Amino acid sequence: MKSTIDLSVLNEPQRHAVEHLKGPTLVLAGAGSGKTRVLTHKIAYLVSRGIKPWRILAVTFTNRAAREMAGRVEKLLNIPVQSLWIGTFHSICVRILRREAERWGLSRNFTIYDRDDQLAIVKKALKEMGGQQDNLTPGHLLHIIGKAKSDFVSPDEFDSFLSGPNKRLITDIYLRYEKLLKAAVAFDFDDLLARPVDMFTKHPDTLKEWQKRFSHILVDEYQDTNHTQYLLMKMLSGGSGNVTVVGDDDQSIYSWRGANVRNILEFETDFTKAATFRLEQNYRSTGIILKAANAVVAHNENRFVKKLWTERSHGAPVKILECLDDRDEAARVVDSVEQEMKEHVYSPKDFIVLYRTNAQSRSFEDVLRRRGIKYMIVGGVRFYQRKEIKDILAYLKIIVNPDDTVSFTRAVSVPKRGIGAKTIEKLEKFASEKGISIVEAAARVEEVISSGAILKKLKKFSEILQSISEMRGKTGLDEIGHALVEKTRYKDYLIEEYPDTFEDRTNNVNELITAMGEFENITEEDDLSSFLGEISLMTDVDMWDEDEGCVTLMTLHSAKGLEFPSVYIAGVEKGLFPLPKSFDSDAELEEERRLFYVGMTRAEERLHISYAENRMRFGGFSSGGASMFVNELPDDGLEFEEINTTYKLSNTLKNQPVRRPMEFEDYSQEGPDYGDAPFEIGAFVRHPVFGRGRVAGYSGSGDKLTLTIHFGTQTKKIRAKFGKLVPA
DNA sequence: AGATACTCTGTTTTT
DNA sequence: CAGAGTATCT
């Protein structure tokens, strides 16, 4: 399977990074500098040099990236390469765990618990430990547990890993949590990574085999790996030492999830004789966009300083949209999208709207829908997180893993069967006494419960499970799905329970069944467990189809690794981005800034940044205004489009294309205080409350300026708090 | 066991 | 404001 790979399309550092086949390799790749290109070419190059595809392990950040990478490698090689090991850390670990389960004394039919499942377990543990203590919420506990697991803190070290008065209690809950997981034959997300590391430590012989298997390891987005992932990578590459990591410390945005930037910062000292390649030429963005992004991220202290450059022309200015409130923001962003579609050759799919929090999508959704523009929201309620989907999956999960109590509890209660907490508790107790699974306990219900009605209902439930179980392995997955929905009369349940939304929900169920039918099993597992394993690791970005012809909306986090001709970053405002909480520490604030940087560098041709003066949030509104990040943008190449449109016409500012937003404070009236004005006498201004006016005079100076403004017939004194006026 | 009415609480980001 | 959790009723 030899073919030659054309490396002439690469620039010099890219080519050197590709050709450097032996030993640890660090590729510091700035945004848009072609890191994916380096990775795909390196893989293809390795194969062309005779390395067997199945001896190459490539780790990506999302399943989507894995899929794309595989596609690009195939294109380069012009042959299919199914045997390549490519996927996220999580999906690769699942494959390893299933293969090694028996030798490691684990079950291969484990369930993967998502956050909701984890929450159920931790609540149970908390309850058993005497209920909730002050400030020890289930979410908080999960955070601690997750942190320990992603730092690879062992159970014995856990105690010293903690500090504070609740130390003992947290440890107890943690141990109980682990027990419950074990009893349910389930792994949480962090276990998927930690277990293999743990097992490789205890079983060096199996580790040796895997080390021998992988002659080359490549890791993408290395700046967002956590300690456990680092250990795993180091272990697996221990044999050959041929490990290539690619990343950009400026794009590290997942430390809250346990990612450790130190992994990339200390790679060179950690892997001796590491070769480092820097990719600093940006091919994605226009000069202005790149300059703006560079200027913003330069405010961070803790980083490798690099100089990203481009040969591209300057391009259009970065546009700042100042808006009244979130609805106004959505309207103006969509206005701008429509205008750009008209003026340029853009189609809906060329646009992306990015925001800090999922909740912000709503106002955009409203406007887009009203104007009949096709759009797609990525993230938010993920498909496999929807209630109706999780209901169906719960049945499938207990068929694969009858010990999965969380799924059992869910399945047995939808559709409502009149089986409640008490009954489930009894079954659980019986199961643990007899050493049988909870599903089996339900089948032997007559040994547990005497009540006729409940007995009958549980029998019926067991029969459904039984009949579906029998189909396993004999028919297509979609037929199993159909039968399940049929037998549980799930659609009737939806109609009854959700009269308003049952149509959407039914569609989702149908979509799930379709997905089951289309599922292609690439592992040697049975179809059902492999399907379940894969979809638990699926995210919305993985399913997103970029060719739909829609305007896309997603969070800044989800946008990592993507690029679009025209990008809108919404809600770059005080109190929202950076989130107030991030002022706790420089590290957090810098991460917010990197997130902004990631957003900016998604843009190829046009970048827009918007913020609102007021935003609807939990009932009331809160005031915002330009974020500190807006003020970090360089003056060159910015264009403000303000609430006060008359402003632009004002002669006094004709030669000042760049202006900071200014704040107004009106002490003479109550109500929203915002607006802006030049302080020259005679200038036109518009005040949100009083409307259009003309400056008649002013007193004071600096940021304590009082303007006298004629609003038609009435004259008002308005105190204006200016930022600074920036000369052209 | 489940429905209803109420309070509380919390609001990042996600493999 | 919405979703979760709790108390109280049927």
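These numbers come from a predicted model, not from an experiment. The chains referred to below are lettered A, B, ... by the order of the sequence lines, with proteins before strands, and numbering in each begins at 1.
Under 4.0 angstrom from either OP1 or OP2 of dT14(B) there lies at least one side-chain N or O belonging to Thr555(A). Applying the 4.0 Å criterion to OP1 and OP2 of dA3(B), one finds that Lys416(A) has a side-chain N or O inside that range. Dashed line: the shortest gap from a side-chain N or O of Asn358(A) to OP1 or OP2 of dT14(B) is under 4.0 Å. A sub-4.0 Å separation between OP1 or OP2 of dT14(B) and a side-chain N or O of Ser558(A) is present. One finds a side-chain N or O of Arg362(A) lying less than 4.0 angstrom from the OP1 or OP2 phosphate oxygen of dA2(C). Not one side-chain nitrogen or oxygen of Asn63(A) sits closer than 4.0 Å to the OP1 or OP2 atom of dT15(B).
Stacking between Tyr254(A) and dT13(B) is absent: the ring centroid is not both under 5.5 Å from the six-membered base ring centre and under 30° in plane angle.
Side chain of Glu329(A) to backbone of Gly571(A): a donor-acceptor contact under 3.5 angstrom is found.
If you check dA1(B), dT14(B), dT12(B) against the side chain of Lys581(A), the one that comes closest is dT12(B). Counting only heavy atoms from C-beta on, Thr423(A) has its side chain closest to dA1(B) among dT15(B), dT12(B), dA1(B). Proximity note for Thr88(A) (side chain, C-beta onward) versus dT15(B), dT14(B), dT12(B): the nearest is dT15(B). Residue His90(A) has its side chain nearest to dT15(B) when only dT15(B), dA1(B), dA2(C) are considered.
For the pair Tyr222(A)/Phe267(A), a side-chain contact is recorded, criterion being any heavy-atom separation below 4.5 Å from C-beta on.
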Check: protein-nucleotides 5-10 of chain C nitrogen or oxygen pairs below 3.5 Å:
unit_1, atom_1, unit_2, atom_2, d
dG5(C), OP1, Lys123(A), NZ, 2.3

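When each of Arg115(A) and Ile419(A) is assigned the nucleotide of DNA chain B bearing its nearest heavy atom, the one mapping closer to the 5' terminus is Ile419(A).
Every residue two or more places apart in sequence or in another chain was checked for a ring-ring contact (aromatic ring centres under 6.0 Å, His included) with Tyr355(A), and none qualifies.
With Ile438(A) as reference, Thr405(A) is the one residue of Thr405(A), Asp404(A), Ile398(A) to meet the side-chain contact (heavy atoms from CB on, under 4.5 Å) rule.
Cation-pi contact between Arg98(A) and Phe110(A): present, with separation from the ring centre below 6.0 Å and deviation from the ring axis of at most 45°. By the 6.0 Å and 45° rule, Arg505(A) does not stack over the aromatic ring of Phe502(A).
Between the CG atom of Leu556(A) and the C1' atom of dT14(B) there is a distance of 14 Å, given to the nearest Å.
In this structure, a donor-acceptor pair under 3.5 Å is absent between the side chains of Asp190(A) and Ser150(A).
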